[in-house]
Amino acid sequence: MKNTIKKIILKGAEKAFKKGLLKSDNFPEMEIEEPKHDAHGDFSTNFAMVSASVQKMAPGKIAEAIVASMDDFQGIIDKTEIAGPGFINFFLTDDAWYPVLEDIFKKDFQYGSSDSGKGRKVQVEFVSANPTGPLHIGHGRGAAIGDSVGNILSFAGYEVEKEYYINDSGRQIRTLGLSVWLRLNEITGKKVDFPDDCYQGDYIREIAAELNELKGDDPALQNKDDGVLICARYAADKILNNIKQDLSCFGVKFDKWFSEQSLYDSKKVWNTIEDFKNRDLIYEKDGALWFRTEKFGDEKDRVVVRNNGLTTYFASDIAYHMEKFERGFDRVIDVWGADHHGYVKRINASIDAAGGKSENFDVILVQLVNLLRGGEPVAMSTRSGQFVTLKDIVDEVGKDAARFIFLSRSSDSGLDFDLELAKQQTSENPVYYVQYVHARITGILIKADREGIINDAALNWTCYASKLKEPEEIKLIRILASFPEVVEKSARDLHPHIIFTFLMNLASSFHGYYNRHKVITEDRELTMARLCLISAVKIVIRNALCLLGVSAPERM
RNA sequence: GCCCCCGUAGCUCAGUGGAUAGAGCAUUGGAUUCCUAAUCCAUGUGCGCAAGUUCGAUUCUUGCCGGGGGUACCA
């Protein structure tokens, strides 16, 4: 709709120029916006204001010239007004809106999608938690955001791959092995001194007990070096499987699980280091190898190989991000906790150093989640192993409520997650508010079907659309019409919460309409028209919820 | 010290280079013989402070104040 308005304005401007009403045919980029107030029409443009300097005319005069030259070639404009400092306001006829419904039915599951991504390949990497313990609430937010951003980009015409990077190499895995091995020794009656920097959680004991059952008599376990290795491999596998399962219960499915260790096995890490050394991007100082990230905009150079010969996490990260682009992705998106923000510059640096373009790399930094119960903070400590896991949360409040709350706010903002509130089946809980729309509509459609109102004519619903005259009905169609633009904006900004806001707005308008007007009435044609309208609402609610990974129930 | 995020209604948060800044919750009062009341309707003196850019700033820039997070040869 916006594009149509834009075309009308531009054609009007060209015509005005030819007629000599405008001095220039240089037309700057304009905004078409939906004014906040109905009195300002369905759409308005700032074209006259942004053109003032090139036309060297007062905005009001420009607006007059354009309005006088505009052709409403599709017959959708009821009237136009020039207002305020030079806005041109467009008031559309009701007829302009009805075709939206037909469009929705025609596209159905595809309504709202676009090809603006032009099939470009984009990878979204998220969660990527170390397999050293269960996922917690912060991972949940990252998972919901990453998954949803992937869905939205895919809907916006990108070819999306969702990936989980498994940190299955390095010190933390060894620490995991040591933790399990020590607990194992505890079980077999040995006296052990359990260090503070080992993983404290009960799940370590459980894994140790399992391992004891399975191969407690394996002599290799007696030897510390071999034992830790065996424990590490067993525990990491076990924990990773649990993570996979928890994510699956959370409705998150990855296309690829990428192993950090594989970057070492394939020599990718060392080859990259060698290559960078040859190009003087890596140098030696104090017995360590340093990457010249400062040359690429970082505050200081960073160590990739420590003086003890061990690589840092950053070393494999360089190789990993090179690998991503080598796999043919046009665009790479990482979802990180905001506490890792300091890493952005050095990854950008490594991508540029490797000959890539960091402008094709985006990081979504997700702020922290405060877990509350009834308004009171829930005490959590990873160190002591006392924390609420993602699984606990999904078990308690359900996948839909959890995801919807995670996606309710901008990732730039901290998020309060109240377990009691998320569980409540009341209006305080936004997920039910939106899902209820879908269930309500389904209920009406079932009733209409039972009463024989919907029959063969169903295919021709839209032919009664012009019966929709109530302001609430036009408003609903306007909201439905904006969905494709909402998806585009959400995809462009990588902001899934825009979909959330859209859903709340649509749900609110629907509930208001429902309470004011009966869908099934004595007037058969009006009934058909309204069934048509609510069916369209149902499609859009379902499509939008789907982008967030939240189900659209038929009944509640 | 430096870096990132935030500061909008009593609370939790949306939003925007433009014309009268919104929603939910909370408060108070109302609505159901009728398609699900998990709903609706009514009820509001708010953009942290200051300067700058602009025809126009809550939005962009800078400084300050306040809150959170980061700032390792950890991940």
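Side chains are part of it too, since the values below use all heavy atoms of this structure and drop only hydrogens, waters and symmetry mates. Order of the sequence lines fixes the chain letters, A, B, ..., with proteins taken first and strands second; residue numbering starts at 1 for each chain.
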Participant: Please tell me which of the listed nucleotides, B:rC35, B:rU39, B:rA19, lies nearest to the side chain of A:Phe87?
Facilitator: B:rA19
Participant: Scan A:Arg171 against the nucleic acid and name what it touches under 4.0 Å (heavy atoms): base, sugar-phosphate only, or nothing.
Facilitator: sugar-phosphate
Participant: Quick one, which residues of residues 406-413 of chain A touch RNA chain B with a heavy atom under 4.0 Å?
Facilitator: A:Arg409, A:Ser410, A:Asp412, A:Ser413
Participant: Answer with base, sugar-phosphate or nothing: what part of the nucleic acid does A:Ile520 contact at a heavy-atom distance below 4.0 Å?
Facilitator: base
Participant: Does either side chain, that of A:Ser316 or that of A:Glu260, offer a donor lying less than 3.5 Å from an acceptor on the other one?
Facilitator: yes
Participant: Among B:rC35, B:rC5, B:rA19, which nucleotide sits nearest the side chain of A:Gln367?
Facilitator: B:rC5
Participant: For residues 372-379 of chain A, run the donor-acceptor check on the side chains, cut-off 3.5 Å, and write out each pair with its distance to 0.1 Å, sequence neighbours left out.
Facilitator:
from: A:Arg373; atom 1: NH1; to: A:Glu396; atom 2: OE2; distance (Å): 2.9
from: A:Arg373; atom 1: NH1; to: A:Glu420; atom 2: OE2; distance (Å): 3.0
from: A:Arg373; atom 1: NH2; to: A:Glu396; atom 2: OE1; distance (Å): 3.1
from: A:Arg373; atom 1: NH2; to: A:Glu396; atom 2: OE2; distance (Å): 3.4

Participant: Answer with yes or no whether the side chains of A:Asp400 and A:Gln435 bring together a donor and an acceptor at under 3.5 Å.
Facilitator: yes
Participant: Does the Lys NZ or Arg CZ of A:Arg440 fall within the cation-pi geometry relative to A:Tyr514 - under 6.0 Å from the ring centre and within 45° of the axis?
Facilitator: yes
Participant: Could you work out which one of B:rG69, B:rA75, B:rC34 sits closest to the side chain of A:Asp339?
Facilitator: B:rG69
Participant: A:Arg530 and A:Tyr513: side-chain donor and acceptor closer than 3.5 Å?
Facilitator: yes
Participant: Relative to the ring of A:Tyr165, is the ring of A:Tyr320 parallel (under 30°), tilted (30 to 60°) or perpendicular (over 60°)?
Facilitator: parallel
Participant: Can you find a donor-acceptor N/O pair under 3.5 angstrom joining the side chain of A:Asn89 to the base of B:rA19?
Facilitator: yes
Participant: Between A:Asn307 and A:Lys489, who's closer to the 5' end of RNA chain B by nearest nucleotide?
Facilitator: A:Lys489
Participant: Measuring from the side chain of A:His37 (C-beta onward, heavy atoms only), which nucleotide among B:rG69, B:rC73, B:rG22 has the closest atom?
Facilitator: B:rG22
Participant: Could you pull out all residues at least two apart from A:Lys79 that satisfy side chain to side chain contact (heavy atoms under 4.5 Å, CB included)?
Facilitator: A:Glu81, A:Phe91
Participant: Ignoring the backbone of A:Trp290, work out which of B:rC35, B:rA75, B:rC73 is nearest its side chain.
Facilitator: B:rC73
Participant: Both A:Arg555 and A:Leu415 contact RNA chain B. Taking the nearest nucleotide for each, which residue is further toward the 5' end?
Facilitator: A:Leu415
Participant: Starting from the C-alpha separation in whole Å, work towards a yes-or-no answer on ring-ring contact (aromatic ring centres under 6.0 Å, His included) for A:His40 and A:Phe87.
Facilitator: CA-CA 9 Å; A:His40 297 142; A:Phe87 290 105; 7.6 Å; no
Participant: Kindly say whether, by distance alone, the side chain of A:His340 makes a donor-acceptor pair under 3.5 Å with the base of B:rG70?
Facilitator: no
Participant: Can you give each donor-acceptor pair under 3.5 Å made by side-chain atoms of residues 49-57 of chain A, sequence neighbours left out, with the distance rounded to 0.1 Å?
Facilitator:
from: A:Ser51; atom 1: OG; to: A:Phe47; atom 2: O; distance (Å): 2.8
from: A:Gln55; atom 1: OE1; to: A:Lys23; atom 2: N; distance (Å): 3.0
from: A:Gln55; atom 1: OE1; to: A:Ser24; atom 2: N; distance (Å): 2.9
from: A:Gln55; atom 1: NE2; to: A:Ser24; atom 2: O; distance (Å): 3.0

Participant: Quick one: the side chain of A:Ser44 and the base of B:rA19, do they pair up donor-acceptor inside 3.5 Å?
Facilitator: yes
Participant: So what does A:Phe291 touch, heavy atoms closer than 4.0 Å: a base, only the sugar-phosphate, or nothing?
Facilitator: nothing
Participant: Under 4.0 Å, heavy atoms only, any strand: does A:Tyr514 hit a base, just the sugar-phosphate, or nothing?
Facilitator: base
Participant: Which part of the nucleic acid, if any, lies within reach of A:Lys518 when heavy atoms closer than 4.0 Å are counted: base, sugar-phosphate only, or nothing?
Facilitator: base
Participant: Scan A:Met504 against the nucleic acid and name what it touches under 4.0 Å (heavy atoms): base, sugar-phosphate only, or nothing.
Facilitator: nothing
Participant: Think A:Tyr433 has a side-chain N or O under 4.0 angstrom from the OP1 or OP2 of B:rC40?
Facilitator: yes
Participant: Using a cut-off of strictly less than 4.0 Å, decide whether A:His497 has a side-chain nitrogen or oxygen near OP1 or OP2 of B:rG15.
Facilitator: yes
Participant: From B:rG15, B:rC73, B:rC13, pick the nucleotide closest to the side chain of A:Asp416?
Facilitator: B:rC13
Participant: Taking ring-ring contact (aromatic ring centres under 6.0 Å, His included) as the definition, give me every residue that meets it alongside A:Phe296, ordered by chain and number, with sequence neighbours left out.
Facilitator: none
Participant: Please tell me which of the listed nucleotides, B:rA19, B:rG69, B:rA37, lies nearest to the side chain of A:His341?
Facilitator: B:rG69
Participant: Check whether any side-chain N or O of A:Lys36 sits under 4.0 Å from OP1 or OP2 of B:rA19, and answer yes or no.
Facilitator: yes
Participant: Please tell me which of the listed nucleotides, B:rC35, B:rU39, B:rA75, lies nearest to the side chain of A:Gln172?
Facilitator: B:rA75
Participant: Any side-chain N or O of A:Arg306 below 4.0 angstrom from OP1/OP2 of B:rA72?
Facilitator: no
Participant: Is A:His517 touching bases, backbone alone, or none of the nucleic acid, heavy atoms closer than 4.0 Å?
Facilitator: base
Participant: Counting Watson-Crick and G-U wobble pairs with both distances under 3.5 Å, what is the dot-bracket string for RNA chain B, 5' to 3', using [ ] for crossing pairs and | for pairs to another strand?
Facilitator: (((((((..((((....[...))))..((((.......)))).....(((((..]....))))))))))))....
Participant: Could you check whether A:Ala448 gets within reach of a base, just the sugar-phosphate, or nothing at all, counting any heavy atom under 4.0 Å?
Facilitator: nothing
Participant: Closest to the A:Leu365 side chain: B:rC4, B:rA38, B:rG70?
Facilitator: B:rC4
Participant: Need one value for A:Asp286: base, sugar-phosphate or nothing, where a base atom within 4.0 Å counts as base even if backbone is also close, heavy atoms only.
Facilitator: base
Participant: Among B:rC73, B:rA75, B:rC35, which nucleotide has an atom closest to any side-chain atom of A:Asn130?
Facilitator: B:rA75
Participant: In whole angstrom, what separates A:Glu33's CD from B:rU20's P?
Facilitator: 13 Å
Participant: Taking 4.0 Å as the cut-off, does a side-chain nitrogen or oxygen of A:Arg440 come that near to OP1 or OP2 on B:rA37?
Facilitator: yes
Participant: Indicate whether any N or O donor in one side chain lies under 3.5 Å from an N or O acceptor in the other, for A:Asp301 and A:Tyr283.
Facilitator: yes
